[in-house]
2 protein chains.
Amino acid sequence: MARTTGSHSGITGPKIRTAALELFAKHGFAAVSMRQIASEVGVQAGALYNYTPDKQSLLFDLMQSHMTELLSALPNEDAAQPFEMLEQFVRFHIAFHHERPEAVFIAYMELRNLSPENFALIEDLRGQYENRLQNILIAGQASGAWTVKDAKIATFAVIAMLTGVNTWFRSEGRLSLSEVQDQYWQMVRSAVGG
Amino acid sequence: MARTTGSHSGITGPKIRTAALELFAKHGFAAVSMRQIASEVGVQAGALYNYTPDKQSLLFDLMQSHMTELLSALPNEDAAQPFEMLEQFVRFHIAFHHERPEAVFIAYMELRNLSPENFALIEDLRGQYENRLQNILIAGQASGAWTVKDAKIATFAVIAMLTGVNTWFRSEGRLSLSEVQDQYWQMVRSAVGG
DNA sequence: GTGCTATATGAACAAGCGTTCAGAACCAAG
DNA sequence: CTTGGTTCTGAACGCTTGTTCATATAGCAC
């Protein structure tokens with residue numbers, strides 16, 4: 001026997017990415033087999049290799065897509081005041097990460113499963129994102145908008161704090177997303193000394 | 001053949017734990033084989049089963065030890081002022097986590113590889129730790145020492161921020177541990193509105 | 001020095017892994 | 001209705017996995 005339900009190249013590809021994303025996020029890259037992914041898609045394992053050269057590339061593509069989307073979705077900070085830029089960044093980060101918890105999880109947890117070259121590529125993208133925040137913090141420092149000593153440390157602190165929202169916040173809970181954004185923005189603003 | 005170098009029960013046990021800790025932190029639980037651990041210890045894989053019933057227990061023991069040590073090393077907060085308690089917590093968290101990066105990494109990243117019962121046990125310990133901080137924040141709220149709105153959110157925010165130090169701080173870098181502690185303490189104090 | 005026990009070996013087990021590939025089934029175009 | 005090319009199956013590949021166990025040794029107590 002061969003294909004039982006017809007030709008589906010346009011639909012199988014995305015399904016594989018979705019299935020891999022969910023399974024990697026839930027069980028971890030190393031713990032998920034190609035057969036599990038295939039089974040989730042409703043296909044045999046061999047068929048996956050029409051869409052990806054190997055398992056590692058599947059992971060890398062997911063991470064790269066996520067980081068690229070993150071960078072291009074980030075509002076451009078030009079021509080705004082430091083406080084507005086920082087507030088915009090805080091609200092953006094929380095909302096964007098909240099919308100794709102699986103991709104965020106993978107992008108943070110599976111770095112060690114990338115080949116050295118792939119790791120360097122993802123780390124570069126992450127660095128670009130962090131630099132955007134760092135530039136905002138430096139701009140606010142220069143203009144005297146706030147008093148934070150070390151912009152690099154503050155960058156790490158703010159990003160860690162904001163990314164942490166994903167570990168506990170659920171939209172069905174007692175707080176709305178915008179309430180969470182409000183409270184984090186207040187904490188960030190105070191933390192940088194504004 | 002059998003043992004080639006003698007009887008080592010008192011030394012093989014700890015060596016297994018150390019090897020497992022390092023390998024799990026570096027490559028992830030699922031990506032590390034019992035044979036790799038055994039090889040690191042200088043022993044055959046079968047010998048590991050004199051010290052652990054299975055691979056899962058090895059992971060759980062490492063995580064449980066870490067969380068237990070964390071809880072018992074945490075300074076007792078009684079009879080101090082809110083600000084002192086919070087500062088003590090911030091400095092303690094940074095220092096303690098800095099001393100054992102592998103255990104911290106595992107305790108955060110390998111939760112999904114625990115059986116449901118083991119997961120519940122670790123989560124409970126983590127909850128106890130978070131409650132200690134939350135109680136400090138509530139005490140400060142009640143005494144008017146600071147103005148943070150939601151103690152639960154602030155707890156998550158502070159812990160995420162502090163734990164993030166481990167992702168970038170290295171003692172060989174440009175900053176000393178106490179400088180980092182100082183700056184984070186200042187950011188935390190400001191963030192809670194003190 | 002003899003015997004006991006704890007500790008280790010090394011082979012074996014069934015199961016699962018990522019990946020390849022010949023051939024079958026399907027769809028679209030002529 | 002045939003042809004051509006894309007998509008999938010199912011079996012196979014060599015290898016690794018966690019775990020077990022009979023067997024052998026090392027070191028301690030006597």
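Below, chain A is the first sequence line, B the second, and so on; all start at residue 1.
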OP1 or OP2 of D:dC8 under 4.0 Å from side-chain N/O of A:Tyr51: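 A:Tyr51 to D:dC8 OP1/OP2: side-chain N or O found under 4.0 Å.
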C:dA8 OP1/OP2 closer than 4.0 Å to side-chain N/O of B:Thr12: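 True: B:Thr12 side-chain N/O within range (under 4.0 Å) of C:dA8 OP1/OP2.
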Those residues that, when tested against A:Asp61, pass salt bridge (charged side-chain N to carboxylate O under 4.0 Å, His left out) (two or more places apart):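 So A:Asp61 forms no salt bridge (charged side-chain N to carboxylate O under 4.0 Å, His left out) with any residue.
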Contacts of type salt bridge (charged side-chain N to carboxylate O under 4.0 Å, His left out), residue B:Arg112, not counting sequence neighbours: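 With sequence neighbours excluded, B:Arg112 shows a salt bridge (charged side-chain N to carboxylate O under 4.0 Å, His left out) to A:Glu110, given in chain and number order.
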Salt bridge (Lys or Arg N to Asp or Glu O under 4.0 Å) pairs, two or more places apart, involving residues 185-194 of chain A: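 Sorted pair list comes back empty.
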Length of the [atom1]-[atom2] vector between [X] and [N], whole Å:
{"X": "B:Leu48", "N": "C:dT9", "atom1": "CG", "atom2": "C1'", "result": "12 Å"}
{"X": "A:Asn50", "N": "C:dG18", "atom1": "CG", "atom2": "P", "result": "17 Å"}
{"X": "B:Gln44", "N": "C:dT9", "atom1": "CD", "atom2": "P", "result": "5 Å"}

Contact letters for nucleotides 16-21 of chain D, in which S counts primed atoms plus P, OP1 and OP2 and B counts the base, heavy atoms under 4.0 Å: -BBBB-
side-chain contact (heavy atoms from CB on, under 4.5 Å) against A:Ala103, all qualifying residues, sequence neighbours excluded: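 side-chain contact (heavy atoms from CB on, under 4.5 Å) check on A:Ala103 returns A:Leu21, A:His66, A:Arg100.
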Contacts of type side-chain hydrogen bond (donor to acceptor under 3.5 Å, both in side chains), residue B:Arg174, not counting sequence neighbours: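 By the side-chain hydrogen bond (donor to acceptor under 3.5 Å, both in side chains) rule, B:Arg174 matches A:Asp150.
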Aromatic plane relationship, A:His97 with A:Tyr129 - under 30° parallel, 30 to 60° tilted, over 60° perpendicular: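 Rings of A:Tyr129 and A:His97: tilted, 30 to 60°.
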